[in-house]
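Predicted model only: the values in this text are computed from it and were never measured. Quick note on labels: first sequence line is chain A, next is B, and so on, each numbered from 1.
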Amino acid sequence: MIQIHISDSEMHEYSLGTSAGDVIRNVHGKKCGAVAALVDGVERDMSHELSDGQRIEPIIGDSEAGLYIIRHSTAHLLAQAVLEYYPNAKPTIGPPIENGFYYDFHMDPISDDELKKIEKRMKEISRENIPIVREEYDNAALREIFSENPFKIEIMDDKIEDGNGSSVYRQGDFVDLCRGPHVPTTAMLRWFKLTSTSTCYWKADASKESLVRIYGWSFASKDELQNHETLMREAAKRDHRKLGKDLQLFHIDEMVGQGLILWTPRGSIVRNQLQDFISNHLGRQGYHQVYTPHIGKLDLYRTSGHYPYYQESQYPPLVERDLMTKLADEGCSCGELSNRMDEGEIDGYLLKPMNCPHHIRIFTSQARSYRDLPLRLAEFGTVYRWEQSGEISGMTRVRGFTQDDAHLFVTEDQIAQEVLGCIELVQIIFGNLGMEDYRIRVGLRDPDSSKYVGEPEKWDKAEQACRDAAASLGVPFTEEEGEAAFYGPKIDFVVRDVIGREWQLGTVQVDYNLPERFDLSYTGADGEKHRPVMIHRAPFGSMERFCGVLIEHFAGKFPTWLSPTQVHILTISEKHKQYANEVACTLKNAGFRIELDDSDNTIGKKIRTHRAMQPSYMLILGDEESENQTVSIRNRSGEQSKGISIDEFVADLELEITSRSAHQSLVKGE
RNA sequence: GCCAACAUAGCUUAGCUGGUAGAGCGGCUGAUUUGUAAUCAGCAGGCCGGGAGUUCAAAUCUCUCUGUUGGCUCCA
């Protein structure tokens with residue numbers, strides 16, 4: 001007999017050879033939802049044989065650990081189905097991920113129809129209730145089992161030490177190298193859906209074999225799967241690409257170019273308001289606003305080190321026409337041209353991929369003393385980067401974008417304080433917009449790498465400054481080694497979009513590199529030359545990405561101060577045209593963004609149409625209102641206030657806008 | 001850039017295995033004068049993303065280019 005701990009206070013006695021599953025079924029019942037067991041703190045299969053004195057707990061399917069196991073097992077189920085249809089496919093790795101799993105196969109690409117077929121077969125296998133069995137082998141036996149699959153052999157080479165052996169899991173004819181644990185039978189894998197296919201490379205290395213990746217969702221219950229599907233559908237509705245079209249905020253035109261945003265009048269209002277908002281803060285924080293051109297000479301970028309090093313992510317250089325003609329006459333080939341440009345024999349201009357070099361040349365335009373520092377130069381600067389075509393997406397990943405950029409030239413002693421000032425600005429903005437679902441990432445250098453410029457002591461100091469600044473914010477942050485830029489540590493603000501993808505928005509970066517490359521200096525109190533440190537910062541990241549994220553954040557329902565149109569005035573009948581025009585005039589003069597609809601449609605129809613554009617408020621004007629010189633206010637959720645005087649409405653709206661309130665406060669109810 | 005899917009009017013879309021396009025919304029014109037999520041009628045919108053090919057015949061099949069979507073990779 002063996003003694004098994006069920007809880008701190010409870011101990012049961014079982015016969016020798018009792019499995020984890022036996023105990024869990026005995027204690028918690030058959031339908032407790034357990035997929036595996038935690039035995040002395042280690043995850044085990046249900047079939048795991050217990051020994052005397054062990055402590056056991058069930059791992060429930062909808063727990064984090066349970067879902068991990070279910071998703072991992074679903075990946076195996078996928079591999080089983082794939083191998084039935086494509087016996088030559090070589091499974092590589094198949095891990096669980098958020099909401100599901102993927103599995104990479106070395107095989108020919110498959111179509112969506114084939115994906116459906118595979119999913120159908122997975123459901124069948126699930127219903128067949130095939131046991132999933134763990135088997136252990138020594139290294140020689142493992143290599144025999146997977147002799148046909150070089151990828152598995154490579155995994156063994158990497159991960160399994162000599163003489164250790166490992167486990168495999170078998171379900172029907174399918175067997176996979178795996179540490180487990182797994183659910184005991186395919187019947188426990190029911191609530192999944194294959195979502196998409198993709199290609200990737202073995203070990204994420206483009207020089208290695210191309211693999212087919214199949215993605216799926218997997219959950220512990222029907223409800224959870226359906227919830228997730230609903231969530232995804234809801235998310236699609238607030239996708240900024242859809243709303244941008246519906247609300248006429250921006251347009252991307254095939255004829256203009258991929259990843260190049262055309263801001264329409266309504267979208268431009270949102271952008272302008274955000275810029276004003278930042279500009280206000282810049283003044284208060286002692287920034288100077290500057291303007292610089294969209295291009296600069298190649299030499300500028302040779303000095304900064306961005307040309308030719310980051311050439312593949314830049315638009316190609318512009319070369320003067322006369323020079324081009326001359327080179328053409330000489331029979332200069334494209335490759336030759338490129339080489340001569342790299343080497344600096346030929347000059348040209350580059351669309352600026354960042355604003356720093358321009359700002360640096362403003363710094364060097366005068367002799368600077370320590371009394372000038374910190375010098376803070378800000379610009380809404382538009383930059384151009386040649387992103388890979390497959391990566392471009394809506395407003396969040398584009399080829400031309402405007403950064404709310406600034407560069408601070410500071411002494412080393414000023415770093416900590418200035419970094420703090422920068423992240424406070426980010427916090428003010430995020431806080432005002434009600435964006436709370438973000439994380440702060442402090443990017444530190446990777447201690448094992450040599451790619452970083454600057455002396456270690458300076459790095460230590462700068463990293464500590466970033467860490468301190470982040471800590472002083474009172475919100476959680478992560479420190480991530482290797483996330484620093486090569487020239488200095490940074491603090492990033494990362495938000496998630498509606499479908500869970502993360503986007504880096506605001507960023508604050510400490511830079512020792514560019515001051516060195518451009519040989520920047522200021523005269524200290526001691527009369528000696530000193531090297532300043534630069535801080536790059538962009539609280540929004542870019543206007544494009546930020547607006548994209550903001551559209552999704554508000555689901556198109558912008559707070560009044562940002563709303564492209566704030567008030568839509570709707571008449572009930574022709575009789576009220578005159579009054580409506582008077583109200584419209586008053587509101588326009590008060591500086592509000594309004595739209596007037598005195599067409600002969602029914603009021604129901606007008607409300608329905610205007611709702612689509614999401615104005616903050618609609619004013620309904622009929623007999624009652626025109627007789628009493630009042631307005632009837634309707635907010636976005638359809639609540640109304642009647643009989644409000646125009647003066648009161650103007651005053652209240654004014655307040656809501658100037659306070660940049662995130663909430664609609666004008667409808668007070670009956 | 002790679003893999004898959006997709007591209008029909010301003011928007012949303014129908015069009016099965018080839019026989020050269022239908023609808024709703026929106027727009028315009030009338031009628032209607034309306035009290036909180038669609039009043040009625042008429043009219044005008046399409047080289048079916050561009051180009052090439054197969055065919056007596058292509059929105060439909062093939063190739064190619066452009067763009068979009070989901071991933072991969074990348075992101076100073």
Practice task
Consider only side-chain N and O atoms of A:Ser313 and A:Arg399, and report whether a donor and an acceptor are under 3.5 Å apart.
Solution key: no
Practice task
Please state whether the phosphate of B:U69, meaning OP1 or OP2, lies under 4.0 angstrom from any side-chain nitrogen or oxygen of A:Arg241.
Solution key: yes
Practice task
Quickly work out the A:Ile644 CD1 to B:G35 P distance and round it to whole Å.
Solution key: 21 Å
Problem - Spatial distance of atom CG (A:Leu505) from atom CZ (A:Phe493) [nearest 0.5 Å] - result: 10.0 Å
Practice task
Kindly say if A:Arg397 contacts the phosphate of B:U73, meaning a side-chain N or O under 4.0 Å from OP1 or OP2.
Solution key: no
Handout entry: B:U54 pairs with, by Watson-Crick or G-U criteria that keep both distances under 3.5 Å
Key = none
Completion exercise
Between CG of A:Asn601 and P of B:G27 the distance, given in whole Å, is 8 Å
Practice task
Starting from the 5' end of RNA chain B, give me the residue, A:Ser198 or A:Gln504, whose nearest nucleotide shows up first.
Solution key: A:Ser198
Practice task
Look at all strands and tell whether A:Ile603 reaches a base, only sugar-phosphate, or nothing, counting heavy atoms closer than 4.0 Å.
Solution key: sugar-phosphate
Practice task
Name the residue closer to the 5' end of RNA chain B, choosing between A:Gly390 and A:Arg213 according to the nucleotide with the nearest heavy atom.
Solution key: A:Gly390
Exercise for the section: Not counting sequence neighbours, which residues clear ring-ring contact (aromatic ring centres under 6.0 Å, His included) with A:His568? List them please. Expected result: A:His610
Practice task
With heavy atoms under 4.0 Å as the rule, sort A:Ser632 into base, sugar-phosphate or nothing.
Solution key: base
Problem - Integer-rounded Å distance: B:G35 C1' and A:His610 NE2 - result: 15 Å
Handout entry: Watson-Crick/G-U partner (both atom distances under 3.5 Å) of B:U13
Key = B:G22
Exercise for the section: Please check the phosphate of B:A37 (OP1 and OP2 only) for any side-chain N or O of A:Arg634 closer than 4.0 Å. Expected result: yes
Handout entry: Donor + acceptor pair across side chains of A:Glu552, A:His240 (<3.5 Å)
Key = yes
Practice task
Answer with base, sugar-phosphate or nothing: what part of the nucleic acid does A:Asp246 contact at a heavy-atom distance below 4.0 Å?
Solution key: nothing
Exercise for the section: Classify the nucleic acid contact of A:Ser313 as base, sugar-phosphate or nothing, counting any heavy atom under 4.0 Å across all strands shown. Expected result: base
Handout entry: Check: A:Arg213/A:Thr199 side-chain N/O donor and acceptor closer than 3.5 Å
Key = no
Problem - side-chain N/O A:Thr602 vs B:U39 OP1/OP2, d < 4.0 Å - result: yes
Problem - Rounded interatomic separation in angstrom, taking NZ from A:Lys605 and P from B:G24 - result: 13 Å
Exercise for the section: Look at all strands and tell whether A:Glu639 reaches a base, only sugar-phosphate, or nothing, counting heavy atoms closer than 4.0 Å. Expected result: nothing
Exercise for the section: Remember a base hit wins even if backbone is also touched, and classify A:Gln258 as base, sugar-phosphate or nothing at under 4.0 Å, heavy atoms. Expected result: sugar-phosphate
Handout entry: Centroid-centroid distance, A:Trp217 to A:Phe192, less than 6.0 Å
Key = no
Practice task
Would you indicate, yes or no, if B:C72 has its OP1 or OP2 atom less than 4.0 angstrom from a side-chain nitrogen or oxygen of A:Tyr215?
Solution key: yes
Practice task
Using both distances under 3.5 Å as the test, list the Watson-Crick or G-U wobble partner of B:A31, or none.
Solution key: B:U39
Practice task
Give A:Tyr102 one of three labels, base, sugar-phosphate or nothing, depending on what nucleic acid heavy atoms sit under 4.0 Å from its own.
Solution key: nothing
Handout entry: A:Lys242 side chain near B:U68 phosphate (N/O to OP1/OP2, under 4.0 Å)
Key = no
Practice task
Give a yes/no answer on whether the side chain of A:Ser389 brings an N or O atom under 4.0 Å of OP1 or OP2 in B:G1.
Solution key: yes
Completion exercise
Re B:C6: Watson-Crick or G-U wobble partner, both distances kept under 3.5 Å, found to be B:G67
